[in-house]
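No experiment lies behind these values; they were computed from the predicted model shown.
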Amino acid sequence: MVSGHLFHCRKNSWPPEEYINRNTLQLFDFDSAAPPEHAWRRKLNSNANLLREFSVTFREAIKMVRLGIRLWSYIREEASHGRKAPIDPFTRESCKPSAAQGVPLGGMGSGSISRGFRGEFRQWQIIPGICEGSPVMANQFSIFISRDGGNKNYASVLAPGQHEGLGKVGDQGISSWGWNLGGQHSTYHALFPRAWTVYDGEPDPELKISCRQISPFIPHNYRESSLPTAVFVYTLVNTGKERAKVSLLFTWANSIGGISHLSGDHVNEPFIGEDGVSGVLLHHKTAKGNPPVTFAVAACETQNVSVTVLPCFGLSEGSSPTAKEMWDKMVQDGQFDRENFNSGPCMSSSPGETLCAAVSASAWVEPHGKCTIAFGLSWSSPKVKFLKGSSYHRRYTKFYGTSERAAQDLVHHALTNYKRWEEDIEKWQNPILKDEKLPEWYKFTLFNELYFLVAGGTVWIDSPLPVTNINENQRQLTNVEYTDVKVTEAEVNNKQGTVVEHTATGHHRSVKLDPQNDYEDVGRFLYLEGVEYIMWNTYDVHFYASFALLELFPKIELNIQRDFAKAVLSEDGRKVKFLAEGNWGIRKVRGAVPHDLGTHDPWNEMNAYNIHDTSKWKDLNPKFVLQVYRDFSATGDMAFGVDVWPAVRAAMEYMEQFDRDNDGLIENDGFPDQTYDAWTVHGVSAYCGCLWLAALQAAAAMAFQLGDKAFAEWCKTKYLKAKPAFEEKLWNGSYFNYDSGSSSNSKSIQADQLAGQWYTASSGLPSLFDDFKIQSALQKIYDFNVMKVKGGQMGAVNGMHPSGKVDESCMQSREIWTGVTYGVAATMILAGKEKEAFTTAEGIFIAGWSEEGYGYGFQTPEGWTMDGHFRSLIYMRPLSIWAMQWALNLPKAILEAPTINIMDRIHLSSFSSRSSQNESGVRKIATKAKCFGNSVFNCAC
């Protein structure tokens, strides 16, 4: 699992020359065939060990026994209705997780298929909320080589390993194929969204092969990045003295994994398309009434490349033809019959039968010659259907329609446009990859952590922007006062529709969007908290992950915030039982930010999380305000600011009830009422209190910019009262205590204690505390939470006693959370502690991603224990590594913001009231920003 020297060495470079012969690299030095200088690398014969899951201690189990009983009962109740509970720690998947993952396929939100570094297609997430982890082993690339003279012939699946049943006499399935690749001379190189597999003389010593996997993940491109398709470009170099006929074979099962694999009624049919793109369509009928899926597997015929197909074959005796007969045909002829293109749709499969298809592409490669062969894969499932009834069309249908034949158009588009994708990807990535100031591990891990935006169960639908629909009574409840706006029309026009781009070289510029596209409908976007925690857009975690979306797809990020703004002002009175205490409450309280947008009917039935009553959590509302202000200040989108402002006010006002002693601070209520939902908090806490201080400052700044003078004054008054109270209650001379209570861990050093300061600095607001306190607290975290854990090579443990002993008061206090560690590192960068920041974050790479680590590449978990046991693989929060990049290259608008301390510009009047009927100020802003259609003011007065 983990070699003994994990914590005894630190590697700084992974040059491709260590994995591939230098001469081979030179042969591939054209057409992007060679793997990049910076990438995550593995040999194909590397051992993909099983991963070890965490377990609770006896003391923790005793504490959670009542919760466990209630959760078990709830899971069974949901199962009786045919639904999966969002959190189910009792059920284990049949396919045990292993260190075998690689770069997933496709764009965002249209269903995803992951691919292991050894070539297997796995982690099927075509149906929302369902992840089928087991690989479909019939899905393979294979190669057949014959040379002039006929004395050198090779046939092999291009994947290593001993397949189950290999060599079984009379087997008619895939075990009869040639599984001849050892993998010792073949390597995998990952730099999301691309991956390279190089076969350096395997299986033919005189043929060098590079396979380049490309998916359309292109920042700021809201069309291509939604497409469910991928391309595999094979580059062949013949180093021998004889001409070689090379046939590549792509086989694909009519399956999405899981129970519909053998359910029957699946149909395949061949097609010949334009521009030489030919292949097979595989029409898949899913189980349990889920929408159908159509795959297209294809290759591109050129002057030198001939494409043939076998539309149907089976894996068992009695199939016609069988997998063995298909293989034997390729060994003998290197291609299929051309007449197969005229065969039409095959008969639908019977229950229990696996239906497969094959596409072959053949070419002659001259001695010392080169050849390129491109295959494409697409999958079209245009309709998203959630279990409780709501259905939507996926984003890509806006461009390709809802026909089952869209898969053919998608694969054609991929095979004729992948070179342009690569140009855009390289233009995006090169400034970071070529920045010599950045550590090598950081460069490729930064991009590879983005795998989650494809493989994190994402759903991207084609839908109009959510409209904030609030009636007059609701609007009066917010008690909003709008006064005259001290912003000129020119300033409004300058802010409208501006999106900030960054480069790794330290240059900053604002890019004015095309006015015709400023309010382009980019649809609505969902992603899971994790494949084991099935809740959409979990907000306390999005707080960490959202930097990636803001940096790369800002319009999606703004729409997520609009969804939550609408949710803040809504209420759902349906009764819910909260499992931690067994008490009842309502599903959604007005003014409270929801924990998530739901599971089985997102947007319509929120708060699938039911462990605690999250309307009493202390971090969600401040996190909403902080994210909104960060996005508002970074994009300068005044229309967005006006849209969400009523929700910001309501969220702040809602929190007043938690200030029990009128000191301006919110207090925690003696249960885990924040994102650390097993870690009890008493009184004022460093985490929630710091978030609250930051939210007061952010809300004041936003109110000032939108002209809501009275609310700006209210927030500043609260802030000036709360800040000294916070410091008095928690500052101990070197860091902020965990909380102001008297429990055994109240003086613990929490890694995340400066979360509010992190957002303050990320948004261009004045620091919450003097520099000494910030530097001292960060140094304490670095010295204790980071360096006292295996010498800093595992990340930052959540809680540490000042004695240097890990806080083991609960399961979460003793864990290392990957996304929190990245967030702490970003805070350090913003405070000028870059060396400590990269050392802190490198612990996540060493333990999680490095070859000597625990094997969590492309499945980064929520966290791990001190001995490396994981909890919740494929998790959202580690996207916060993009907060580090944000900190390294702050947008111009934020860089310039601290030169004008906006809090100093808010003058407190002798009489301050939050209530007024004068809306003229924000109405004026709304008019100039042309945003009436989406704002709260679009209602009868």
Side-chain angles (χ1 to χ4, degrees), residues 105 113 115 119-122 124 126 132 134-144 155-159 163-166 171-179 232 247-271 278-286 292-299 307-331 333 335-337 340-341 343-361 375-379 407-408 411:
L105 305 175
I113 305 165
R115 196 169 184 226
E120 67 277 16
F121 295 86
R122 58 195 308 146
W124 301 77
I126 306 297
E132 301 289 352
S134 299
V136 176
M137 294 304 294
N139 298 347
Q140 298 288 347
F141 285 100
S142 303
I143 194 165
F144 304 83
S156 180
V157 178
L158 288 174
H163 186 267
E164 184 180 351
L166 187 63
D171 183 78
Q172 299 294 307
I174 64 174
S175 295
S176 65
W177 297 354
W179 298 84
F232 307 88
S247 297
L248 285 162
L249 178 71
F250 189 14
T251 52
W252 196 259
N254 194 325
S255 171
I256 60 170
I259 60 175
S260 67
H261 180 81
L262 300 173
S263 58
D265 285 339
H266 310 317
V267 176
N268 297 352
E269 61 171 317
F271 70 88
S278 303
V280 181
L281 293 175
L282 299 89
H283 305 289
H284 184 82
K285 182 180 179 182
T286 59
V293 183
T294 298
F295 293 99
V297 290
V307 176
T308 57
V309 300
L310 183 65
C312 303
F313 70 89
L315 301 184
S316 57
E317 190 172 356
S319 303
S320 182
T322 64
K324 184 178 187 305
E325 290 168 338
M326 181 279 298
W327 187 266
D328 292 344
K329 171 73 172 175
M330 286 298 300
V331 170
D333 299 336
Q335 62 187 27
F336 302 113
D337 299 331
N340 289 346
F341 280 114
S343 63
C346 69
M347 291 184 61
S348 60
S349 63
S350 302
E353 178 185 7
T354 300
L355 185 65
C356 303
V359 177
S360 168
F375 290 89
L377 169 69
S378 68
W379 53 98
Q408 180 178 334
V411 80

### Query
Considering only heavy atoms from C-beta outward, does the side chain of Val267 approach that of Pro345 to under 4.5 Å?
yes

### Message
Rounded at 0.5 Å granularity, tell me how far CG in Leu377 sits from CD1 in Ile113.
### Response
5.5 Å

### NZ on Lys324 to OG on Ser319, rounded to 0.5 Å
14.0 Å

### Query
Just wondering, do Pro311 and Pro270 contact through their side chains at under 4.5 Å, heavy atoms?
yes

### Query
Shortest non-hydrogen contact from Val280 to Ala357?
CG1-CB, 3.7 Å

### Task
Please round to the nearest 0.5 Å and tell me the distance separating atom CG of Asn254 and atom CG of Leu262.
11.0 Å

### Query
For the residue pair Trp252 and Phe250, does the interplanar ring angle fall in the parallel (under 30°), tilted (30 to 60°) or perpendicular (over 60°) class?
perpendicular

### Summary
Distance col, row Asp171:CG vs Leu315:CG, nearest 0.5 angstrom, shows 9.5 Å

## Note on the structure
In terms of heavy-atom contacts, Phe375 and Leu249 come closest through CZ-N, 4.5 Å

### Query
Are side-chain heavy atoms of Ser142 and Trp327 found at a separation under 4.5 Å?
yes

#### Entry: Test ring pair (Phe, Tyr, Trp, His ring centres under 6.0 Å) applied to Trp379 - qualifying residues, sequence neighbours left out
none

#### Entry: Atom NZ of Lys285: over 12 foreign heavy atoms under 6.0 Å
no

#### Entry: Side-chain heavy atoms of Leu281 within contact of Gln408, under 4.5 Å
yes

### Task
Step by step, work out the side-chain contact (heavy atoms from CB on, under 4.5 Å) result for Leu355 and Leu282.
CA-CA 9 Å; Leu355 185 65; Leu282 299 89; over 6 Å; no

### Message
Restricting to non-hydrogen atoms, name the atom on Ala298 and the atom on Phe271 that form the minimum distance, rounded to 0.1 Å.
### Response
CB-CZ, 3.9 Å

### Query
Does anything in residues 255-264 pair up under side chain to side chain donor-acceptor pair (under 3.5 Å), and if so which pairs, sequence neighbours excluded?
Ser255-His261, Ser260-His284, His261-Thr354

### Flag, side chain of Asn268 to backbone of Cys346, donor-acceptor distance under 3.5 Å
no

### Query
Are the side chain of Ser378 and the backbone of Ala407 linked by a donor-acceptor contact shorter than 3.5 Å?
yes

### Task
Output all residues satisfying side-chain hydrogen bond (donor to acceptor under 3.5 Å, both in side chains) with Ser247, sequence neighbours left out; order by chain, then residue number.
Ser362

### Query
Tell me, do Phe295 and Val411 make a side-chain contact under 4.5 Å, heavy atoms counted?
no

### Task
Could you give me the CA-CA distance, side-chain angles and deciding distance for Leu248 and Phe141, then say whether side-chain contact (heavy atoms from CB on, under 4.5 Å) is met?
CA-CA 7 Å; Leu248 285 162; Phe141 285 100; 5.8 Å; no

### Under 3.5 Å: donor-acceptor pair, side chain of Thr322, backbone of Glu325
yes

### Query
Is there a side-chain contact between Leu310 and Pro321, using heavy atoms and a 4.5 Å cut-off?
yes

### Query
Atom CE in Met137, atom CZ in Arg122: separation rounded to 0.5 Å?
9.0 Å

### Query
Between the main-chain N or O of Gln335 and the side-chain N or O of Ser360, is there a donor-acceptor pair closer than 3.5 Å?
no

### Query
Would a 4.5 Å heavy-atom cut-off, applied to side chains only, mark Trp179 and Ile174 as touching?
yes

### Summary
For Val359 and Ser278, the nearest pair of non-hydrogen atoms, with its separation, is CG1-O, 4.4 Å

### Task
Answer whether the closest heavy-atom distance between the side chains of Val136 and Trp124 falls below 4.5 Å.
yes

### Query
At their closest point, which heavy atom of Trp177 faces which heavy atom of Ala138, and how far apart are they?
CH2-O, 3.9 Å

#### Entry: Phe121 and Phe232 aromatic ring geometry - parallel, tilted or perpendicular at 30°/60° bounds
perpendicular

### Task
Return yes if some donor-acceptor pair links the side-chain N/O of Asn139 with the main-chain N/O of Glu120 below 3.5 Å, else return no.
no

### Task
Go through the steps to decide whether Val297 and Thr251 satisfy the test side-chain contact (heavy atoms from CB on, under 4.5 Å), and finish with yes or no.
CA-CA 8 Å; Val297 290; Thr251 52; over 6 Å; no

### Pairwise distance OG(Ser320) to CZ(Phe313) - rounded to 0.5 angstrom
13.0 Å

